[in-house]
Amino acid sequence: MLSNKRIQELELVMEFEKVEECFKEVSSWIENVGRKRLKETINLDDSLEVLLQTQKQFREFDLIASEYCRRGQEALKKMDRWEDFSSVDVHCYRVKLQTYRDQLEEFCTQLDENRHRICETVRLYEFFDKVRQGICCTEEDVKS
């Protein structure tokens, strides 16, 4: 039984090394591209026209970012079996795996939050724009 467990651990280590390339690629993209682009959407402009342009650009970025999130999640799913192993030999791999998981979850959460915030801000600006137009039309009707 001990021998079988050791063989399984070695197989997992070899599998981890194959999947780690995907983790590294996703992690690198998150750090070098993803986080920077998310920071660009922190301060939203106070013009509906510019805000709509920002939303359009974010949607294009969101498609790419969502694909990286999906790839990272698929890679993590392949490594779910690690939870059953607690030996010292696989500990460093579990730590790496948890680091990737934390980074991916944080980024995906921020992506979702920014998507929601931009959408809600656009809706709010569109509402205020309609109210402003309504007030202007009402003022013109009163003057007539």
Side-chain angles (χ1 to χ4, degrees), residues 1-140:
M1 282 178 50
L2 193 58
S3 176
N4 285 345
K5 186 173 180 178
R6 184 71 179 144
I7 289 171
Q8 287 178 332
E9 288 175 354
L10 291 173
E11 288 172 350
L12 282 173
V13 169
M14 291 187 319
E15 185 179 348
F16 180 84
E17 290 173 355
K18 291 178 190 173
V19 176
E20 188 174 28
E21 282 305 311
C22 178
F23 290 143
K24 286 181 179 179
E25 182 183 341
V26 170
S27 178
S28 175
W29 185 87
I30 287 173
E31 291 304 318
N32 298 321
V33 178
R35 290 195 194 284
K36 290 177 185 175
R37 291 290 303 272
L38 284 179
K39 285 180 183 177
E40 292 172 4
T41 61
I42 288 176
N43 297 321
L44 298 175
D45 205 305
D46 43 347
S47 141
L48 179 58
E49 184 179 317
V50 175
L51 188 58
L52 289 171
Q53 181 64 28
T54 300
Q55 184 182 39
K56 181 181 179 223
Q57 291 169 352
F58 182 81
R59 283 183 178 154
E60 293 167 4
F61 162 73
D62 189 27
L63 287 174
I64 296 166
S66 294
E67 177 62 20
Y68 275 97
C69 288
R70 184 193 61 76
R71 287 175 53 205
Q73 289 164 346
E74 284 177 2
L76 286 171
K77 197 176 266 187
K78 290 178 184 178
M79 303 310 296
D80 279 346
R81 297 185 306 158
W82 281 81
E83 302 303 320
D84 300 335
F85 293 91
S86 59
S87 77
V88 174
D89 295 334
V90 296
H91 179 72
C92 67
Y93 294 101
R94 291 182 72 192
V95 169
K96 283 183 181 182
L97 192 61
Q98 188 60 47
T99 301
Y100 289 130
R101 180 176 282 119
D102 292 346
Q103 179 193 37
L104 183 66
E105 286 176 4
E106 178 190 358
F107 178 76
C108 292
T109 299
Q110 289 176 347
L111 183 67
D112 288 342
E113 288 172 354
N114 276 22
R115 183 184 311 116
H116 179 74
R117 186 174 55 82
I118 290 172
C119 182
E120 289 301 309
T121 304
V122 166
R123 287 179 48 196
L124 186 63
Y125 272 66
E126 287 172 338
F127 171 76
F128 284 137
D129 195 50
K130 287 179 184 176
V131 168
R132 186 183 53 76
Q133 288 175 1
I135 289 172
C136 290
C137 290
T138 304
E139 287 176 353
E140 287 177 12

- Task: Mind checking side chain to side chain donor-acceptor pair (under 3.5 Å) for T54 and listing every partner two or more places apart, or none if nothing turns up?
- Result: none
- Does a side-chain N-to-carboxylate-O contact under 4.0 Å join R132 and D129? yes
- Message: Does any part of the side chain of I64, heavy atoms only, come nearer than 4.5 Å to the side chain of E67, both counted from C-beta?
- Response: no
- Query: Do any pairs count as a ring-ring contact (aromatic ring centres under 6.0 Å, His included) and have a residue in residues 36-63, sequence neighbours left out, and if so which ones?
  - Reply: W29-F61, F58-F61
- Note on the structure: So CG of L12 and CD1 of I7: to nearest 0.5 Å the spacing works out to 12.5 Å
- Message: So, using side-chain contact (heavy atoms from CB on, under 4.5 Å) as the criterion, who are the partners of T109 when residues are at least two apart?
- Response: E113
- Message: Test of understanding: with salt bridge (charged side-chain N to carboxylate O under 4.0 Å, His left out), list the residues that count as partners of R35, not counting sequence neighbours.
- Response: E31, E106
- With sequence neighbours excluded, tell me which residues meet salt bridge (charged side-chain N to carboxylate O under 4.0 Å, His left out) with E126. none
- Item | Rounded distance [0.5 Å steps], CG in L51 versus CZ in R123 | 13.0 Å
- Query: Got a donor-acceptor contact below 3.5 angstrom from the T121 side chain to the R117 backbone?
  - Reply: yes
- Query: Between atom CG of D62 and atom CG of L111, what is the distance when rounded to the nearest 0.5 Å?
  - Reply: 4.5 Å
- Item | Flag side-chain contact, heavy atom, 4.5 Å: L48 against F128 | no
- Message: The criterion is side chain to side chain donor-acceptor pair (under 3.5 Å); which residues satisfy it with N43, sequence neighbours excluded?
- Response: none
- Task: Output all residues satisfying side chain to side chain donor-acceptor pair (under 3.5 Å) with T99, sequence neighbours left out; order by chain, then residue number.
- Result: none
- Item | Short side-chain donor-acceptor distance under 3.5 Å, Q110 and N114 | no
- Note on the structure: Shortest non-hydrogen pair, C69 vs F107, comes out as SG-CD2, 3.7 Å
- With sequence neighbours left out, what residues match Q73 under side chain to side chain donor-acceptor pair (under 3.5 Å)? none
- Task: With sequence neighbours left out, write down each residue that passes side-chain contact (heavy atoms from CB on, under 4.5 Å) with K96, or none if nothing qualifies.
- Result: F16, E20, Y100
- Query: Got a sec, which residues hit side-chain contact (heavy atoms from CB on, under 4.5 Å) with D112, two or more places apart in sequence or on another chain?
  - Reply: R115
- Item | Separation of T41 OG1 from K39 NZ (nearest 0.5 Å) | 11.5 Å
- Would you please name every residue forming a salt bridge (charged side-chain N to carboxylate O under 4.0 Å, His left out) with E74, sequence neighbours left out? R70
- Would you call F23 and L104 a side-chain contact if the rule is heavy atoms closer than 4.5 Å? no
- Task: Identify the two heavy atoms, one from Q57 and one from R37, that lie closest to each other, and give their separation to 0.1 Å.
- Result: O-NH2, 3.7 Å
- Does the side chain of L52 reach to within under 4.5 Å of the side chain of E49, using non-hydrogen atoms? no
- Quick one: pull up SG in C92 and CG in L97 and give me the separation to the nearest 0.5 Å. 11.0 Å
- Note on the structure: Those residues at least two apart in sequence (or on a different chain) that pass side-chain contact (heavy atoms from CB on, under 4.5 Å) with E17 are V13, Y93
- Message: Is there a side-chain contact between R71 and E25 in this structure, where contact means two heavy atoms from C-beta onward sitting under 4.5 Å apart?
- Response: yes
- Separation of Y68 OH from S27 OG (nearest 0.5 Å): 11.5 Å
